[in-house]
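Below is one structure, written out as structure tokens; comments come after it.
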There are 2 protein chains.
Amino acid sequence: MKLSTKGRYAVTAMMDIALHEKVGPVTLADISQCQGISLSYLEQLFSKLRRNGLVQGVRGPGGGYRLAKPASEISVADIIDAVDEKMDLTKCGGKGNCDGGSKCLTHKLWYDLTCDLHRFLSGITLDQYLNRPHINELVKKQDEQYGRFINRRTAA
Amino acid sequence: MKLSTKGRYAVTAMMDIALHEKVGPVTLADISQCQGISLSYLEQLFSKLRRNGLVQGVRGPGGGYRLAKPASEISVADIIDAVDEKMDLTKCGGKGNCDGGSKCLTHKLWYDLTCDLHRFLSGITLDQYLNRPHINELVKKQDEQYGRFINRRTAA
DNA sequence: TTAAATACTTAGTAAATCAGTCAGGAATAG
DNA sequence: CTATTCCTGACTGATTTACTAAGTATTTAA
């Protein structure tokens with residue numbers, strides 16, 4: 001479990017997609033412009049998100065990315081785990097090769113802590129932050145500002 | 001809110017101190033040896049922990065570091081905030097300089113999320129992970145293994 | 001069928017951060 | 001005085017970040 005701006009970028013981008021799920025696939029170019037993230041960097045992140053089964057790419061004009069699962073089944077922990085390499089729990093991750101050492105004691109305490117943290121973030125799914133009052137109006141207003149989805153029909 | 005190995009080092013070291021609070025000040029040399037962290041790196045981390053009022057340094061022979069507050073009043077969030085620079089919330093941290101922009105929408109969602117996370121980690125204090133059955137026996141056993149505190153009387 | 005739009009991939013890079021070394025100064029117990 | 005410890009600052013190689021560049025593959029629309 002590691003939390004950096006990289007993870008923030010990924011979560012933010014995923015939220016953007018989830019917000020526009022109904023309109024259709026979301027292009028990285030749009031996310032890049034609206035969220036202020038470099039396009040190529042997004043491509044790298046989405047390569048990982050795709051390999052981890054969180055998003056689904058649609059090629060060709062009118063394409064983009066959509067969620068591979070319902071927003072209610074994608075947790076923040078999923079996204080961060082996909083994008084940020086987990087940090088090494090100092091070699092002795094329960095393998096017992098430092099039995100009884102003082103290392104393993106406090107390392108275990110840290111391990112317990114990160115387990116709690118991971119459980120917490122696993123309980124937070126994308127939809128929890130999207131299904132809020134007034135969000136939809138805001139999204140619509142702001143899409144107009146950026147001129148998103150002006151020539152696209154609403155998808156099923 | 002940012003979480004890296006740096007934060008892990010700090011939390012682990014703080015746990016080590018909390019575990020030996022009753023014996024007296026804990027030297028960085030001991031922590032370095034037992035937790036496998038470089039001494040000079042620890043010194044840098046503790047410089048920040050001290051400036052943030054989490055630990056108190058005691059100079060001279062028999063010195064070391066002790067907690068500046070009861071373990072029940074030091075949260076994991078405190079430690080991580082002290083050691084890891086908070087990551088920039090992309091310039092528009094509520095300053096209103098990107099009013100109504102699509103940026104601020106998803107940024108706000110991210111902001112809400114990190115607030116929840118911070119609240120979660122603020123609720124986890126050092127003592128919660130220390131006051132557990134069998135921990136004290138383990139600590140004693142492992143201190144003997146590393147030869148810690150062999151010539152030191154128990155502090156008040 | 002062609003052109004454009006998009007996902008996808010690989011390679012490279014400047015800057016930042018990490019984790020550490022080194023060298024020394026300041027306080028204090030014995 | 002001397003050994004021990006905190007404390008500070010400067011420096012460094014390795015890694016990671018965040019990004020650029022340049023392409024390939026696939027699909028839609030004209």
Side-chain angles (χ1 to χ4, degrees), chain A residues 2-10 12-13 17 24-33 35-52 54-66 68 80 83-88 90-91 148-153 155, chain B residues 2-10 12-13 17 24-33 35-52 54-68 80 83-88 90-91 148-149 151-153 155:
Chain A
K2 190 175 151 188
L3 189 56
S4 64
T5 52
K6 199 169 167 182
R8 177 168 65 78
Y9 280 163
T12 304
I17 293 184
V26 180
T27 70
L28 293 189
D30 273 349
I31 299 178
S32 170
Q33 189 190 358
Q35 306 295 338
I37 312 172
S38 125
L39 177 59
S40 293
Y41 195 41
L42 276 175
E43 281 170 341
Q44 287 175 39
L45 297 183
F46 273 76
S47 170
K48 294 185 179 181
L49 292 174
R50 188 175 139 274
R51 277 196 288 268
N52 282 79
L54 298 181
V55 295
Q56 191 180 1
V58 181
R59 295 189 176 191
Y65 281 97
R66 57 165 58 112
I80 291 174
V83 144
D84 270 319
E85 327 298 332
K86 336 190 179 307
M87 56 187 182
D88 61 335
T90 57
K91 295 99 198 171
R148 289 174 90 172
F149 305 111
I150 39 179
N151 296 323
R152 187 174 293 186
R153 69 181 179 284
Chain B
K2 190 175 152 188
L3 189 55
S4 64
T5 52
K6 199 169 169 183
R8 177 168 64 78
Y9 280 165
T12 304
I17 293 184
V26 180
T27 70
L28 293 189
D30 274 350
I31 299 178
S32 169
Q33 189 190 359
Q35 307 294 339
I37 312 172
S38 125
L39 176 60
S40 294
Y41 195 41
L42 276 176
E43 281 171 340
Q44 287 176 39
L45 297 182
F46 272 76
S47 169
K48 293 184 179 181
L49 292 174
R50 187 174 141 275
R51 276 197 287 268
N52 282 79
L54 298 181
V55 295
Q56 191 181 2
V58 182
R59 294 188 176 189
Y65 280 98
R66 56 165 58 111
L67 301 182
I80 291 174
V83 144
D84 270 319
E85 326 299 332
K86 337 194 178 306
M87 56 189 184
D88 61 333
T90 58
K91 295 97 197 168
R148 290 173 90 175
F149 304 111
N151 295 322
R152 186 173 296 188
R153 68 181 180 286

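Note on naming: letters A, B, ... go to the chains in the order of the sequence lines (proteins, then strands), and numbering restarts at 1 for each one.
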Atom-pair distance ([atom1] on [X]; [atom2] on [N]), nearest Å:
{"X": "B:L45", "N": "D:dC6", "atom1": "CG", "atom2": "C1'", "result": "15 Å"}
{"X": "B:L42", "N": "D:dG9", "atom1": "CG", "atom2": "P", "result": "18 Å"}
{"X": "B:K86", "N": "C:dT17", "atom1": "NZ", "atom2": "P", "result": "14 Å"}
{"X": "B:Q56", "N": "C:dA27", "atom1": "CD", "atom2": "C1'", "result": "14 Å"}
{"X": "B:K48", "N": "C:dA19", "atom1": "NZ", "atom2": "P", "result": "11 Å"}
{"X": "A:I31", "N": "C:dT6", "atom1": "CD1", "atom2": "P", "result": "13 Å"}
{"X": "B:L39", "N": "D:dC7", "atom1": "CG", "atom2": "C1'", "result": "11 Å"}
{"X": "B:R66", "N": "D:dC6", "atom1": "CZ", "atom2": "P", "result": "12 Å"}

Given [options], identify the nucleotide with an atom nearest to the side chain of [X].
{"X": "B:R51", "options": "D:dT8, C:dT28, D:dT28", "result": "D:dT8"}
{"X": "A:R59", "options": "D:dT26, D:dT20, C:dG20", "result": "D:dT26"}
{"X": "B:Y41", "options": "C:dC8, C:dA4, C:dA19", "result": "C:dA19"}
{"X": "A:R50", "options": "C:dA4, C:dT9, D:dT5", "result": "C:dT9"}
{"X": "A:P61", "options": "D:dT17, D:dA22, C:dA5", "result": "C:dA5"}
{"X": "A:D84", "options": "C:dT21, D:dC7, D:dT17", "result": "D:dT17"}
{"X": "B:S40", "options": "C:dC18, C:dT28, C:dC22", "result": "C:dC22"}

Assuming nearest nucleotide by heavy-atom distance, tell me which of A:S38 and B:F46 is located more 5' along DNA chain D. B:F46
Quick one, B:K6 and B:Q44 - any side-chain contact, counting heavy atoms below 4.5 Å? no
Minimum side-chain heavy-atom gap B:Q35-B:Y9 below 4.5 Å: no
Separation between CD of A:Q56 and CZ of A:R50, rounded to the nearest 0.5 Å: 9.5 Å
Inter-residue atom distance B:I17.CD1 - B:L54.CG, 0.5 Å rounding: 10.0 Å
Would you please classify the geometry between the A:F46 ring and the A:Y65 ring as parallel, tilted or perpendicular, with 30° and 60° separating the classes? tilted
Angle between the two end axes of the helix from C:dT1-D:dA30 to C:dG30-D:dC1, five base pairs per end, rounded to 10 degrees? 20°
Would you indicate what B:E85 reaches in the nucleic acid, counting non-hydrogen atoms under 4.0 angstrom: base, sugar-phosphate, or nothing? nothing
Regarding A:L28, tell me which of base, sugar-phosphate or nothing describes its non-hydrogen contacts under 4.0 Å with the strands shown. sugar-phosphate
Please lay out, stage by stage, how A:L3 and A:D84 fare under the test side chain to side chain contact (heavy atoms under 4.5 Å, CB included). CA-CA 7 Å; A:L3 189 56; A:D84 270 319; 5.6 Å; no
Hey, does the side chain of B:S32 reach the backbone of B:S38 with a donor-acceptor pair shorter than 3.5 angstrom? no
